[in-house]
Number of protein chains: 2
Amino acid sequence: MASRKQADERAFVEAYRPEAYPRPAVTVDLVVLTVLDADLKLLLVRRAEPPFQGRWALPGGFVRVGDGKRDRGEDLDEAAARELAEETSLPRGASRLQQLGAFGAPDRDPRMRVISVAYFALIRPDLAPLVHAGGDAALAGWHSVATLGVNTKLELAFDHAQIVDAALERVRERLERSTIAFDLVPRTFTIPELRAVFDAVTGTTHDPGNFRRKFQQLLDGGQVVEAPGKRITSGKPARVYAFARVAG
Amino acid sequence: MASRKQADERAFVEAYRPEAYPRPAVTVDLVVLTVLDADLKLLLVRRAEPPFQGRWALPGGFVRVGDGKRDRGEDLDEAAARELAEETSLPRGASRLQQLGAFGAPDRDPRMRVISVAYFALIRPDLAPLVHAGGDAALAGWHSVATLGVNTKLELAFDHAQIVDAALERVRERLERSTIAFDLVPRTFTIPELRAVFDAVTGTTHDPGNFRRKFQQLLDGGQVVEAPGKRITSGKPARVYAFARVAG
DNA sequence: TCAAAAGTGTTTCTCGTACACCCATGT
DNA sequence: ACATGGGTGTACGAGAAACACTTTTGA
């Protein structure tokens, strides 16, 4: 009883003067994915500083909070977009960012208490070559997610492996139910190219005939339109499509 | 080019001395749901202090961060569980908490920059009457979610309406795909009771015959077992079931 | 002529849904 | 008797999946 009352009082004081209490650092971490050579790839940066110096890690950084008075800083989504632009030199708006969740185990960063809000982004493969290290990242590069679990040289820093797992689960969940696959092909694309993306993300194969029928529904629904030109292959040239712009 | 370099340098400095930069306050907010009288209910507390004094809000509070050295504070999940216990007097472990996501709009709290990690929890209806205000909440009570959008007297504080919407969407998504419905019935329950939960959460009705067939699959799968006793009704007494304990 | 894209057809299976019943068993 | 739970059957349609096959088109 007494201890409950004490806890209550403590909570009461905190509500009045929360700024007197220690606060965690808050960062955003980015799980940036693309498909290259029909293989799902993850963007990693090499850490230039301790802790985990020399190890690969997710790009990310601190959320700008401002001085707390006039300048309130940026929204979480903004922070994620800014970090993506800064650390990878990708053009802003190159991809939609979606929040994955918050990760805040007390010891996830050995230096101090850091709570990280994770985002994932899917990058069109034609933009993937544009990434190069910026900001405080020494090196940035694409790594096959298939070999992530196997290659011990790719043990990620912090709890980033856990974040990546959560992101992959989420992306696979949403692949069929949403339009995120559109973010993993160039602006114009062929049906086999889109199918290859599905194969790469799910790790399975998709029947060309059945896939075409599903695609036809997208065409009928106006979500996809024909694009001019054709894609030259070793066989019959493939019809080229584009995703319909969202009506304003 | 120059501005990019400047931005890079700033980021570099931050990586070295992040503790010199302002940090946001981090809270957890809880969307606590139950089903009473075949109606989905949300737990709200009345705010005793400004801002939003007198308005209804989600229970929640600050994440304990510790001094940053020895004491690193608690995990986010722990913070959510602690706040649930403190503010509602519900026994710990009374429900599983699941993370919903982080909400961090710069102006979501007029006092200062606050980033909130939202959780949702489903409370068994037999435990629902146990809640009473604790901590710094003046009053705690269950409110029908159906009337939330209509009743202007229930305009929630902060961005809590948005958080509730996200939580409801998530719960409805997972209702059929997971076992969260088990958290919304008493330890022993009848098929019609479980069906009523589905009806209440989705806002639709479910065919008794079809529902029974689905339920049979749960029985066959061993996820549900028969319990002793029967439930007296105005008609034929109903068979009573219980969820199988997770095998250790 | 070859290779790959495009397109069609068919079959099978599984699910969800709707609806119509039956029987069982208490008050 | 009646209300309610328990339980079964059936029919329809949607959709996924597996598989075979034809046609098209450019190198």
Side-chain angles (χ1 to χ4, degrees), chain A residues 35 37-38 125 172-179 181 185-186 188-221 223-243, chain B residues 35 37-38 125 172-179 181 185-186 188-221 223-243:
Chain A
V35 172
D37 302 329
R172 287 184 181 126
E173 257 180 34
R174 299 210 180 160
L175 185 69
E176 325 260 355
R177 305 182 194 290
S178 74
T179 60
V185 286
T188 64
F189 59 93
T190 67
I191 295 182
E193 281 167 6
L194 187 65
R195 185 159 45 84
V197 165
F198 273 75
D199 288 351
V201 173
T202 63
T204 66
T205 60
H206 292 72
D207 181 84
N210 295 335
F211 192 86
R212 208 215 144 268
R213 264 184 283 258
K214 250 190 189 167
F215 190 84
Q216 186 64 44
Q217 296 177 354
L218 295 178
L219 270 174
D220 294 342
Q223 306 179 49
V224 171
V225 294
E226 289 193 359
K230 53 186 77 169
R231 186 82 89 250
I232 305 303
T233 70
S234 67
K236 172 181 174 179
R239 188 89 207 80
V240 169
Y241 300 91
F243 299 110
Chain B
V35 172
D37 302 328
R172 286 183 182 129
E173 257 180 35
R174 298 208 180 161
L175 185 68
E176 326 259 354
R177 305 183 192 288
S178 74
T179 61
V185 286
T188 64
F189 58 93
T190 68
I191 296 183
E193 280 167 8
L194 187 64
R195 185 158 47 85
V197 165
F198 273 75
D199 288 351
V201 174
T202 63
T204 66
T205 61
H206 292 72
D207 181 85
N210 296 334
F211 192 85
R212 208 215 144 269
R213 264 184 284 257
K214 249 190 189 167
F215 190 84
Q216 187 63 45
Q217 296 177 354
L218 295 178
L219 270 174
D220 294 343
Q223 306 179 49
V224 171
V225 294
E226 290 194 358
K230 52 185 79 169
R231 187 82 87 249
I232 306 303
T233 71
S234 67
K236 171 181 176 180
R239 189 90 205 80
V240 169
Y241 299 91
F243 299 109

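In what follows, every chain begins at residue 1, and chains take the letters A, B, ... in the order their sequences are listed. Values reported hereafter were calculated over all heavy atoms of this structure, with side chains retained and with hydrogens, waters and symmetry mates removed. Being a predicted model, the structure only gives us computed values, none of them experimental.
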Contact pattern, 5' to 3', of nucleotides 22-27 of chain D - B, S or - by protein heavy atom under 4.0 Å: --BBS-
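To the nearest 0.5 Å, atoms CD1 (A:Ile191) and CD (A:Gln216) are separated by 8.0 Å. Here A:Arg195 contributes atom CZ and A:Thr190 contributes atom OG1; the two are 8.5 Å apart, rounded to the nearest 0.5 Å.
The aromatic rings of B:Phe198 and B:His206 sit perpendicular, their planes meeting at an angle over 60°, well past the 30° parallel limit. In this pair, B:Phe189 and B:Phe243 present their aromatic rings parallel. The plane angle is below 30°, not in the 30 to 60° band.
For A:Arg239 (side chain) and A:Ala227 (main-chain N/O), a donor-acceptor pair under 3.5 Å exists by modelled atom type. Distance alone, capped at 3.5 Å, is enough to place a donor-acceptor pair between the B:Arg231 side chain and the B:Thr188 backbone.
The nearest whole Å value for the distance from the CG atom in B:Asp220 to the P atom in D:dG7 is 12 Å. If you measure from atom CD of B:Glu226 to atom C1' of D:dG6, you get 12 Å, rounded to the nearest angstrom. Residue A:Ile191 contributes atom CD1, which lies 14 Å from atom C1' of C:dT8 at whole-angstrom precision.
Residues of residues 207-218 of chain B having a heavy atom closer than 4.0 Å to DNA chain D, listed by number: B:Gly209, B:Arg212, B:Arg213.
Proximity of B:Glu176 to B:Lys214: side-chain heavy atoms (C-beta onward) are separated by under 4.5 Å at one or more points.
The environment of CG in A:Asp37 is sparse: at most 12 heavy-atom neighbours from other residues, nucleotides or ligands sit within 6.0 Å.
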